[in-house]
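What follows is a short report on a single structure.
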Protein chains: 2
Amino acid sequence: MLNLFPAMTPVNLKSLSEQLNLSIATVSRALRDSHEVSEATKVRVRALASALHYEPNAYASSLRRNISKTIGVVIPKVANHFFALAINGIEEAARQSGYHVLIYLTHDDYEREMSIVQHLKGGRVDGLLMSVASGTQDFAHLRSLKDANIPIVFFDRVCAEIETAKVTTNDYESGYQATEHLIQAGCRTIAHLLISNNLSIGQFRHQGYLDALTANDQAPDPDLVMSGVMDNEQNVALIRELLLRRPDIDGIFASVERLAISAYRVCHELQRRIPEDVKIIGFSNLEAAALLDPPLSTITQPAYDIGREAAKILLRAVEKKKAVLSTQSVVLESTLFARQSTGS
Amino acid sequence: MLNLFPAMTPVNLKSLSEQLNLSIATVSRALRDSHEVSEATKVRVRALASALHYEPNAYASSLRRNISKTIGVVIPKVANHFFALAINGIEEAARQSGYHVLIYLTHDDYEREMSIVQHLKGGRVDGLLMSVASGTQDFAHLRSLKDANIPIVFFDRVCAEIETAKVTTNDYESGYQATEHLIQAGCRTIAHLLISNNLSIGQFRHQGYLDALTANDQAPDPDLVMSGVMDNEQNVALIRELLLRRPDIDGIFASVERLAISAYRVCHELQRRIPEDVKIIGFSNLEAAALLDPPLSTITQPAYDIGREAAKILLRAVEKKKAVLSTQSVVLESTLFARQSTGS
DNA sequence: CTGTTAGCGCCTTCAG
DNA sequence: CTGAAGGCGCTAACAG
């Protein structure tokens, strides 16, 4: 007789097996579609299981098999189009392989990143995807993941010191191209706005900027390089100051979306016409960039693909139970959108 | 003698207890800071535990205590500023209470939503936060959560049929205000763009639109109401068609960010001047809206607070082990930003 | 093909 | 204050 009130007696292998006069093991095997169980019993078992809406207890299974079917994603923030899109790609890849996704935000805080990683060593995840916090200087907590047998894949903001797989974009080339784009458009004094830290991506982009300048016989000027801070209003103030101090600036290359937007705003405010007086190009995944008038030229990273690629690499390692990944680097290409005023 | 190679022998209560010549129970109690264990042993235990970087196995604990310290978040998409900000608030609240956050994207697909919810009944989460998919018409899968003893809190896109806590914004009022804003600005023919479905929020906003019209002696015209679809390019085509069919439209109220942006784009394309020919106001959490020239007026939802509030309510219920929440409705207020061209 | 047994790592009575 | 024992739900080895 069926028990249709699972809230009363729990629905688990035990209760199922009792009602079916089978052993727990057989029921378990039947549900996992093992070949060593007769088709007839499989049918019986499945029928009851679905009638009672049986759902296996994920944690019991995880404990037993030492596999959680879960990956962790540790990123600075999600209120940022790039990471939002990346998560999308990650979730997609994870779902396709039957994995769950735990999300953690560091808010670019080292302490927080450390405590998250420490927690995760408890076996809650089979693997980790990570974009390091800008405040992170010490990487011991990341190294220790190796001991805990948890593979990690870095994306976008990678950590060069750790030997593992990394997914990035062609940051150096993008920095170079962006700068050259401004030079071609006639800019003679180009500022570079980046985030103040040791992030690999910032360094690569900056090197691209420097090399593009020298290649075009423009002497790099440290005074034109601005390191942003966490607080956005402060950044606006810094940019305003820079533009007032150097009225000769006629081109701005922003390595971060927020700085590009802020620069745009400050130009408006200071009545510097875009693009007549100042041309701006910035890293951005903001769709609305194309709608600005004049539109903002952007370097757009394939965020979704980055997330997806990273997740796929991680999952492949997880399935093979390889704690340490080969130091493989996947580089995807960003796209430069040179947008012109529609002249309406 | 210390074993500093946890990769060799596993670090768990058993191994710790052996090295300390204590029982597993005592070690467990010491680590949970139980009052029934001497301070001296606590110190000894903690010392070894931290030396070996002991991290409790979350799944064993979950299995035993039937508590996962994890909540699930099921949303349509994350590549949308509103949801990104909401996740931020959710993660914050969860973290403060020591909870983990699993994320699932439905892509507005009913089947997917159902399968996710079904999975989650396996005890993987202690509670659920949800914004229902636009394709969802049947709510049996949500009801069944009650049987599984999993509390659920809806936010933004709520499901009226389920009796549980809900966190929303004042959608009716916002729709009313937005429409009145356009009327005050002199619009005589106001279109309403919304998403094609049974979403509660769409209905409320639409009712506000209708009531504002009648209150101002404008007869609602069904021809001016457009239901969007999933594909954005199709939406652009639909909007274009609408504006061509009804050249008398001089005001647009968009209930979704994407539609507002698309409307903006189509107006540009059709050379309808904003705001001289057509005024636009739309729901949006896009910062860049203020940068558009002319800027886009928006109704902005307190996304972060919505996520945070919803998570707090859920966590309170989870801690009390209440599967069914009181049908409590928290309504937060959106802000209308009436932006004017800077006239530069 | 099916059943029995023995844990995964942890927590929680119940006894000392 | 500490220890011994049982079991959360599931799976995997070993018997039949």
Side-chain angles (χ1 to χ4, degrees), chain A residues 6 9-46 48-49 52-70 119 121-126 148-149 321, chain B residues 6 9-46 49 52-70 119-126 148-149 321:
Chain A
T9 42
V11 184
N12 49 31
L13 292 184
K14 182 147 174 271
S15 72
L16 289 180
S17 69
E18 280 164 4
Q19 295 182 59
L20 290 162
N21 279 321
L22 285 170
S23 75
I24 294 178
T26 305
V27 178
S28 172
R29 282 190 280 244
L31 291 172
R32 319 193 96 251
D33 202 24
S34 160
H35 56 274
E36 47 180 356
V37 64
S38 78
E39 200 54 43
T41 44
K42 274 187 193 171
V43 171
R44 270 196 340 126
V45 171
R46 280 201 283 254
L48 186 65
L52 299 187
H53 300 109
Y54 167 75
E55 195 65 33
N57 183 313
Y59 296 135
S61 166
S62 290
L63 177 60
R64 183 60 235 258
R65 305 202 303 152
N66 200 26
I67 274 175
S68 66
K69 279 278 175 186
T70 304
H119 249 309
K121 284 192 291 193
R124 200 178 271 274
V125 296
D126 293 338
N149 248 278
K321 294 176 186 285
Chain B
T9 42
V11 183
N12 50 29
L13 292 184
K14 183 147 175 269
S15 72
L16 290 180
S17 68
E18 279 163 4
Q19 294 182 62
L20 290 163
N21 278 321
L22 285 171
S23 74
I24 294 178
T26 305
V27 177
S28 172
R29 280 191 280 245
L31 291 172
R32 318 195 96 250
D33 203 21
S34 162
H35 55 274
E36 47 180 357
V37 63
S38 78
E39 200 55 41
T41 44
K42 273 187 194 171
V43 171
R44 276 204 326 135
V45 172
R46 280 201 283 253
L52 299 186
H53 301 110
Y54 167 74
E55 196 65 36
N57 182 312
Y59 296 134
S61 167
S62 291
L63 177 59
R64 181 59 236 259
R65 305 199 302 152
N66 200 25
I67 274 176
S68 66
K69 279 278 175 185
T70 303
H119 250 307
L120 259 29
K121 285 191 292 194
R124 201 178 270 273
V125 297
D126 293 337
N149 248 277
K321 295 176 183 288

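Here is how names work: the chains are called A, B, and so on, in the same order as the sequence lines, proteins then strands, and each is numbered from 1.
The side-chain heavy atoms of A:E36 and A:R29, taken from C-beta on, include a pair separated by under 4.5 Å. Contact check for B:N57 versus B:N12: no side-chain heavy atoms found under the 4.5 Å cut-off. In this structure, the side chains of A:Y54 and A:L48 stay at 4.5 Å or more apart for every pair of heavy atoms. Side-chain atoms of B:E18 and B:V27, non-hydrogen and from C-beta on, never get closer than 4.5 Å to each other.
How far CG of B:L120 is from OG1 of B:T70: 10.0 Å, rounded to the nearest 0.5 Å. Distance check, rounded to the nearest 0.5 Å: CG of A:L16 to CG of A:L31 gives 7.0 Å.
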Produce a footprint string for nucleotides 8-16 of chain D: one letter per nucleotide, 5' end first; B if the base is under 4.0 Å from any protein heavy atom, S if only the sugar-phosphate is, - if neither.
BBBBBB---
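In this entry the distance linking CG of A:L20 with C1' of C:dG3 reads 15 Å, nearest Å.
In this model, the phosphate group of C:dC8 is not approached by any side-chain N or O of A:S62 to a distance below 4.0 Å at OP1 or OP2. Remark: B:T26 is not in phosphate contact with D:dT2, judged by side-chain N or O atoms under 4.0 Å from OP1 or OP2.
If you check every strand for non-hydrogen atoms under 4.0 Å, B:T41 touches sugar and phosphate atoms only.
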